[in-house]
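Taking it in order: structure first as structure tokens, then the write-up.
Lettering of chains follows the sequences in order, A, B, ..., and the numbering in each one begins at 1. Values below: every heavy atom of this structure, side chains too, minus hydrogens, waters and symmetry copies.
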There are 2 protein chains.
Amino acid sequence: MKNRTMASSRPSTARKDTGPTQRGQCSKRVSILDAAANVFCREGFSGASIDEIAIEACVSRQTIYNHYREKETLFVAVIEDVMERANAALFSTLSTFPDKPDNLQRDLSEFAIRLTTNCICNQDGKFLRRLVQTEGERYPHLFEGWRQQGPCKISTTLGALFAKLSHRGALRIDDFDLAARQFLALVNADLQMIYLFGGKPTEDELKSAADNAVDTFLRAYGPRERENSAPPAPILVAVS
Amino acid sequence: MKNRTMASSRPSTARKDTGPTQRGQCSKRVSILDAAANVFCREGFSGASIDEIAIEACVSRQTIYNHYREKETLFVAVIEDVMERANAALFSTLSTFPDKPDNLQRDLSEFAIRLTTNCICNQDGKFLRRLVQTEGERYPHLFEGWRQQGPCKISTTLGALFAKLSHRGALRIDDFDLAARQFLALVNADLQMIYLFGGKPTEDELKSAADNAVDTFLRAYGPRERENSAPPAPILVAVS
DNA sequence: GTAAAATTAGACACTATTGTCTAAAACGTC
DNA sequence: GACGTTTTAGACAATAGTGTCTAATTTTAC
């Protein structure tokens with residue numbers, strides 16, 4: 001028997017009960033969705049076989065066909081499941097943005113680490129990077145909603161948060177959405193290659209990437225009186 | 001009959017003649033490699049069928065098996081072909097870096113546009129993004145050489161170029177490789193989502209992305225006396 | 001023009017996969 | 001413990017793909 005080798009980032013909240021029954025069957029549905037996510041992520045849509053998913057989910061093949069009429073139905077269900085979870089994680093993490101930073105440099109860096117850890121480096125993030133890229137053109141409508149609610153919204157939401165800091169004098173930004181996109185880009189600058197090869201950055205790599213990003217971000221958008229590289233005394237931006 | 005629908009970015013240079021003969025056969029090899037690249041890119045390795053490639057290359061299936069013993073051999077050949085071309089384009093473009101900038105802002109922006117146009121937005125770039133991500137874990141050794149010679153080298157090469165500018169006082173950079181990675185990240189900040197969905201940015205989008213990137217890059221790393229955006233009286237923090 | 005080489009279409013065996021069907025077993029509820 | 005539901009294993013037809021083989025045809029080289 002094969003256990004789930006790669007734990008999904010599924011939270012323990014109750015799930016939609018659109019299945020045959022509510023209780024014992026629900027866990028089957030979860031098993032299937034998790035296993036299918038892993039296999040689809042590893043093999044792509046056409047490379048994944050229902051049998052492989054069944055084995056990985058410790059479920060008979062027929063059970064999969066009972067729950068999801070055909071392969072494509074299952075695929076769509078998996079995508080929607082992962083997207084929903086990913087967006088939830090995204091906004092949950094966004095809510096931890098340092099509105100009233102004690103130490104802007106440190107607080108932004110820690111926020112960046114949370115962002116990468118919870119939203120980009122986890123299994124769901126990897127799944128979406130892969131599947132959106134390979135199947136995005138084939139199922140345009142499927143991912144459109146996620147794009148609107150996720151990546152597109154994150155720029156404006158994060159932009160609004162930067163705007164607040166800006167109005168309080170902690171940052172000097174003209175175009176908030178642009179600054180948000182650039183913040184995200186800088187955070188991932190050192191990690192792109194790791195993502196591309198399906199790897200997972202170490203904690204040290206994450207911290208260093210975040211520090212580098214915030215450093216440069218503040219060089220560009222920080223308050224004017226900020227020193228530029230290695231000032232001995234940290235400048236505390238304490239705005240009411 | 002179906003013509004090649006998507007022109008490859010193949011240059012008209014002579015090709016390695018490792019095939020059965022040199023002349024007429026060479027063009028068949030090229031047709032096959034181009035068609036296979038398109039189909040693999042569109043369908044992934046397991047989704048691509050030899051028949052489909054044969055039709056798209058206007059070649060009989062048997063001819064493909066004559067040149068490349070089996071599907072995987074063809075796949076590896078395609079990968080190597082694309083990687084070689086992509087790296088060539090990369091370093092060819094790097095050689096147009098503005099060593100002696102007339103107008104740093106403008107010259108860097110135009111350089112950034114060349115970089116995205118010639119190396120990232122073309123068919124080879126799309127192919128590599130997709131295939132490295134989906135098959136990179138399955139064929140680690142295959143892509144390792146490309147990573148060493150391409151993406152890894154570009155940071156250090158571009159970093160060295162920034163170092164030159166820095167020593168001449170045009171930039172103020174501590175970590176040149178990091179600045180190079182961040183430059184690339186900023187250039188792609190506005191384009192990531194387009195890439196992810198397999199799209200191609202318009203010329204306007206490319207220009208705007210480049211301008212935004214260079215703007216922020218220079219805010220962070222530009223010479224100290226640089227104006228920052230629209231403050232009436234710039235406050236110069238003159239620290240020796 | 002001729003000979004060698006390459007290409008082609010078609011048939012072929014083999015394998016893998018999808019999706020259906022059935023009867024037996026396990027499960028949960030009352 | 002009996003009932004209805006869900007799950008299971010296995011067989012099954014249908015389809016699609018890989019890789020081989022052959023004989024005819026075309027292309028290329030000399």
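Among the nucleotides C/dT20, D/dT8, C/dT8, the one closest to the side chain of B/Ser60 is C/dT8. Among C/dT17, D/dT18, D/dT8, the nucleotide with an atom closest to any side-chain atom of A/Ser49 is C/dT17. Considering only the side chain of A/Tyr65, C/dG19 comes nearest among C/dG19, D/dG17, D/dG19.
Residue order along DNA chain C, read from the 5' end via each residue's closest nucleotide, puts B/Gln62 first among B/Gln62 and A/Ala48.
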Legend entry - Intra- and inter-strand pairs of DNA chain D in dot-bracket (Watson-Crick or G-U wobble, both distances under 3.5 Å; | for another strand): ||||||||||||||||||||||||||||||
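A cation-pi arrangement is not found for B/Lys126 relative to B/Tyr195, the charged atom failing to lie both closer than 6.0 Å to the ring centre and inside a 45° cone about the ring normal. Cation-pi contact between A/Arg29 and A/Tyr68: present, with separation from the ring centre below 6.0 Å and deviation from the ring axis of at most 45°.
Here the C1' atom of nucleotide D/dT8 and the CD1 atom of A/Ile55 are 14 Å apart, to the nearest Å.
Phosphate contact (OP1/OP2 of C/dT7, side-chain N/O of B/His67, threshold under 4.0 Å): present. Contact annotation: A/Lys28 side-chain N/O to C/dC27 OP1/OP2 distance is not under 4.0 Å. Distances shorter than 4.0 Å separate some side-chain N or O of B/Thr63 from OP1 or OP2 on C/dT8.
Here A/Ile50 contributes atom CD1 and A/Lys71 contributes atom NZ; the two are 6.0 Å apart, rounded to the nearest 0.5 Å.
Residues B/Asp177 and B/Thr156 bring no donor and acceptor atom of their side chains to less than 3.5 Å of each other.
The residues A/Glu205 and A/Lys200 are annotated as not salt-bridged, no charged nitrogen and carboxylate oxygen being separated by less than 4.0 angstrom.
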Inset, instruction - For side chain to side chain donor-acceptor pair (under 3.5 Å), just list the numbers for B/Arg114 and B/Thr96, CA-CA rounded to whole Å, side-chain angles, deciding distance to a tenth of an Å, and then say yes or no. - result: CA-CA 9 Å; B/Arg114 285 193 294 277; B/Thr96 71; 2.8 Å; yes
